[in-house]
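Because the structure is a prediction, the values reported are computed rather than measured. Hydrogens, waters and symmetry mates play no part in the numbers below; they use all other heavy atoms, side chains included. All chains are named by letter (A, B, ...) in the order of the sequence lines, taking the proteins before the strands, and each is independently numbered beginning at 1.
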Protein chains: 4
Amino acid sequence: MPIVSEEYKEEKKEQILDSAFECFAKKGFQTATMDDIVAHCGMSKGAIYNYFSSKEEIYLDLLTRATDKNFAQYHKHFAKHRTASSKMDYLFNAYLSANPIDRNRLEYIVVFYEFNLHSTRDPDLLQQLHERKRKLVTLVNDIIQEGQQLGEFKSNIPSQLYAERFWTIIDGVNLHAVYDDFPYYDVLRELKEMYLDELKSE
Amino acid sequence: MPIVSEEYKEEKKEQILDSAFECFAKKGFQTATMDDIVAHCGMSKGAIYNYFSSKEEIYLDLLTRATDKNFAQYHKHFAKHRTASSKMDYLFNAYLSANPIDRNRLEYIVVFYEFNLHSTRDPDLLQQLHERKRKLVTLVNDIIQEGQQLGEFKSNIPSQLYAERFWTIIDGVNLHAVYDDFPYYDVLRELKEMYLDELKSE
Amino acid sequence: MPIVSEEYKEEKKEQILDSAFECFAKKGFQTATMDDIVAHCGMSKGAIYNYFSSKEEIYLDLLTRATDKNFAQYHKHFAKHRTASSKMDYLFNAYLSANPIDRNRLEYIVVFYEFNLHSTRDPDLLQQLHERKRKLVTLVNDIIQEGQQLGEFKSNIPSQLYAERFWTIIDGVNLHAVYDDFPYYDVLRELKEMYLDELKSE
Amino acid sequence: MPIVSEEYKEEKKEQILDSAFECFAKKGFQTATMDDIVAHCGMSKGAIYNYFSSKEEIYLDLLTRATDKNFAQYHKHFAKHRTASSKMDYLFNAYLSANPIDRNRLEYIVVFYEFNLHSTRDPDLLQQLHERKRKLVTLVNDIIQEGQQLGEFKSNIPSQLYAERFWTIIDGVNLHAVYDDFPYYDVLRELKEMYLDELKSE
DNA sequence: CATGAATGAGCTTTCATTCAT
DNA sequence: CATGAATGAAAGCTCATTCAT
């Protein structure tokens with residue numbers, strides 16, 4: 001019998017997560033302190049510990065939610081697309097339409113890839129990292145196979161490998177977005193064309 | 001014991017850097033403690049501070065040396081190659097011949113990309129990060145232009161952009177090497193072919 | 001316990017300062033450790049750092065408060081005195097009535113003069129030292145000038161110089177109080193008479 | 001059977017003591033490090049430990065020598081003076097002729113009084129402090145008694161007390177020399193006159 | 001005797017977490 | 001639930017002293 005509504009709690013949690021993200025972005029997970037987060041979100045230290053049991057848990061929750069939100073968005077948009085091509089197009093465009101010099105996006109990139117590397121050291125997190133990656137690969141693999149069945153894509157290419165290659169490209173491009181002189185659009189656009197050319201039947 | 005040779009001191013430094021690398025690989029820069037490094041390299045805390053003035057300096061030196069060594073290796077090998085094609089081949093093969101599941105290589109990847117992301121937050125380090133990247137892009141750009149002049153590569157392609165694309169691909173592949181089920185060879189080989197196909201004159 | 005009154009916090013601060021004083025008195029600022037202070041005041045190390053940001057800050061606050069208290073006391077008592085003579089008398093008596101072998105007073109003397117000498121090496125502290133001294137000289141100078149205007153004191157003496165001389169004497173006597181066989185009263189009483197004799201009109 | 005001559009050793013010792021003095025003056029005994037002294041005197045750390053067994057010993061030796069030199073100087077000069085008056089004159093003039101803003105002198109003052117306060121905390125050092133002070137008081141006391149016997153000084157004054165008073169004045173003036181706007185000459189000259197007036201028979 | 005690299009106890013300070021109010 | 005003062009283990013770093021060469 002909770003005293004406050006679930007909505008209230010969820011709202012509070014998101015406030016904390018937003019502040020935590022800002023702090024992790026500015027200083028990194030290890031260097032950002034609970035006091036930083038407290039100062040940023042305006043509530044008390046005790047309050048935060050009512051919603052999260054540790055700094056690590058905030059970190060985990062923050063990034064789990066971010067990737068979940070990502071997945072949800074993908075699936076939501078895919079529902080609107082009829083062809084595999086348009087789905088692939090959508091995926092590429094999700095990154096092409098992103099503003100590479102948007103401070104918030106860069107911060108997210110840094111925090112996100114730092115978390116991936118961090119996850120490398122903890123068996124449980126590594127497990128989750130693999131699962132998420134598998135889901136991402138499957139997402140693209142399904143599209144490619146769909147395109148192959150519908151005749152949009154060449155039927156003799158290894159779909160799984162192409163799915164892997166897609167995310168390899170995306171992560172490469174994202175990582176380079178931290179260089180402010182990186183020709184993000186141009187590189188990504190060309191890679192997209194190169195990629196789709198190989199994929200599509202003549 | 002005092003009055004030791006420069007070689008001795010250099011050797012000591014490398015011992016410390018090796019131990020530090022192991023510790024940073026196992027726990028990350030922030031989490032690894034000086035005591036960890038002390039325990040790993042067997043010398044006393046004071047001894048380490050005779051060679052490096054802070055944990056941060058060890059970190060910086062470690063990664064500066066690693067990238068310098070990398071550059072030196074590239075330039076050394078390029079001297080042996082006559083054609084631009086064979087140089088590009090060498091570059092790709094440097095990554096294709098790497099064992100993606102070699103523990104040491106994975107550790108290096110994690111530490112290296114973590115350092116890049118870390119550098120993002122310090123103006124001085126960011127500056128260095130940019131410089132290193134510029135040098136890497138120039139390295140490839142020079143090869144491509146050389147190939148264009150010699151008629152090996154298409155003359156109408158933007159060499160700079162292709163150089164950027166090269167490192168985007170490499171970083172993407174490296175980053176995915178942390179997933180033990182990643183088909184490292186296959187993905188990289190196909191990307192290499194795709195990349196060189198576009199580059200070479202028919 | 002949180003959300004405590006300002007009084008509570010002030011009390012805590014004073015507890016810490018009292019303990020710090022004891023420790024500095026016993027060992028000196030540099031030699032006394034935070035652990036000594038922790039052990040003496042019974043609270044945790046973290047608690048102390050909630051009230052002061054460094055050992056140095058404790059030292060500074062301790063001595064700033066002590067001298068401020070001194071000034072306040074002087075001014076408070078001067079309000080009760082009508083003549084310049086009685087004010088000078090009060091000043092001398094403040095030192096004559098002090099118990100020279102009181103352990104606490106001796107400790108204060110040592111800590112206080114050590115701090116003065118310490119301040120000599122830091123431009124900011126030296127500045128403060130000068131200001132405090134100027135205020136002390138002004139305090140006495142004002143009294144002398146007042147006495148000259150009222151005809152109590154000779155009008156042809158340089159008041160400023162006499163003010164300087166007053167504190168010279170006081171500091172000399174204080175410093176010698178650390179010698180337990182020093183005839184504190186006798187020396188100070190004679191110096192007082194000598195001093196006032198020269199000051200007073202016949 | 002020492003390998004090097006005593007003179008050589010003594011010279012080395014003095015080199016070390018000079019450097020140590022500079023360092024203690026600049027930073028204080030606790031804050032100055034052996035490395036500071038090493039850097040200043042140009043010899044190795046081990047060399048210093050051949051002549052002194054600890055930093056504390058350097059400190060002690062430094063100040064013992066300084067005060068011994070002082071005593072020796074006094075006695076040497078007193079031999080030249082015939083009257084008690086001229087001896088007292090000499091003593092006062094030793095301080096009156098000192099340049100109060102001479103950096104070296106100020107440094108000596110700070111180091112010297114810091115050492116006195118430091119000695120307060122160690123029974124052995126306190127003992128030495130007392131002995132030295134007793135000798136200083138005796139020095140002046142002897143002069144005054146000599147003057148009384150020769151009829152130069154009033155015979156009914158307590159010589160011991162006057163001797164105490166002398167050093168009280170000197171220490172007060174010295175201590176104030178650290179304030180660069182202190183009218184050192186004027187204050188000391190007036191105190192001298194005041195003092196001698198009381199002493200001398202009409 | 002001279003050297004300076006090595007030692008390691010000990011220092012100040014930080015900060016995730018707890019819990020009395 | 002909210003608060004923020006309290007905790008104390010641990011962190012990075014220093015430095016007087018030693019001793020192999």
Heavy-atom nearest nucleotide on DNA chain E for C:Tyr49 versus B:Asn50: which residue maps closer to 5'? B:Asn50
How is B:Ser54 classified with respect to the nucleic acid when contacts are heavy atoms under 4.0 Å: base, sugar-phosphate, or nothing? sugar-phosphate
Give the rounded distance in Å between these two atoms: CD of D:Glu10 and P of E:dC1. 14 Å
Ignoring backbone atoms, test whether D:Ser44 places a side-chain nitrogen or oxygen under 4.0 Å from the OP1 or OP2 oxygen of E:dA2. no
Shortest non-hydrogen pair, C:Arg121 vs D:Phe24, comes out as NH2-O, 3.1 Å
Note: contacts of residues 114-126 of chain C with DNA chain E (heavy atom, under 4.0 Å) are none
Separation of E:dT17 atom C1' from A:Ile58 atom CD1, nearest Å, is 12 Å
Proximal nucleotide (of E:dC11, E:dA2, E:dA16) relative to the C:Thr33 side chain: E:dC11
Given that C:Phe29 and D:Ala47 both sit by DNA chain E, which one's nearest nucleotide is further toward the 5' end? D:Ala47
Side chains of D:Glu56 and D:Leu125 in contact at under 4.5 Å (non-hydrogen atoms): yes
Under a 4.0 Å N-O cut-off, is there an ion pair linking D:Arg103 with D:Glu107? yes
Between C:Lys9 and D:Gly46, which residue's closest nucleotide on DNA chain F lies nearer the 5′ terminus? C:Lys9
Atom CD1 of D:Ile16 and atom C1' of E:dC1: how far apart are they, to the nearest Å? 12 Å
Does a side-chain N or O of B:Tyr8 approach OP1 or OP2 of E:dA6 to a distance below 4.0 Å, or not? yes
If a pair means Watson-Crick or G-U wobble with both distances below 3.5 Å, what does DNA chain E look like in dot-bracket form, with | marking bases paired to a different strand? .||||||||||||||||||||
To the nearest Å, how far apart are B:Lys12 NZ and E:dG4 P? 17 Å
Without swapping roles, check the side chain of B:Thr31 against the backbone of B:Gly28 for a donor-acceptor pair under 3.5 Å. no
Output every pair passing salt bridge (Lys or Arg N to Asp or Glu O under 4.0 Å) with a member in residues 27-42 of chain D, not counting sequence neighbours, ordered by first then second residue. D:Lys27-D:Asp36, D:Asp35-D:Lys45
Paired with D:Tyr59, the ring pair (Phe, Tyr, Trp, His ring centres under 6.0 Å) test is passed by just one of D:Phe21, D:Phe112, D:Phe29, D:Phe52, namely D:Phe29
Separation of E:dC1 P from D:Ile48 CD1 (nearest whole Å): 16 Å
Exceeds 12 heavy-atom contacts within 6.0 angstrom, atom NZ of D:Lys13: yes
Can you name the closest pair of heavy atoms from D:Ile48 and D:Cys41 and give their distance? CD1-SG, 4.0 Å
Determine the contact category for C:Phe52: base if any of its heavy atoms lies under 4.0 Å from a base atom, sugar-phosphate if only primed atoms, P, OP1 or OP2 are that close, otherwise nothing. nothing
Counting C-beta onward and ignoring hydrogens, is there a side-chain heavy-atom pair between A:Asn116 and B:Val178 closer than 4.5 Å? no
Answer yes or no: side-chain N or O of C:Lys45 and base N or O of E:dT13 forming a donor-acceptor pair under 3.5 Å. yes
To the nearest Å, how far apart are B:Gln15 CD and E:dA6 P? 9 Å
Can a salt bridge be assigned to the pair D:Glu10 and D:Arg65 using a cut-off of 4.0 Å between side-chain N and carboxylate O? yes
Value in whole Å for how far the C1' atom of F:dT14 lies from NZ of D:Lys55: 11 Å
Can you check the D:Asp35 CG to F:dT17 C1' distance for me, whole Å? 11 Å
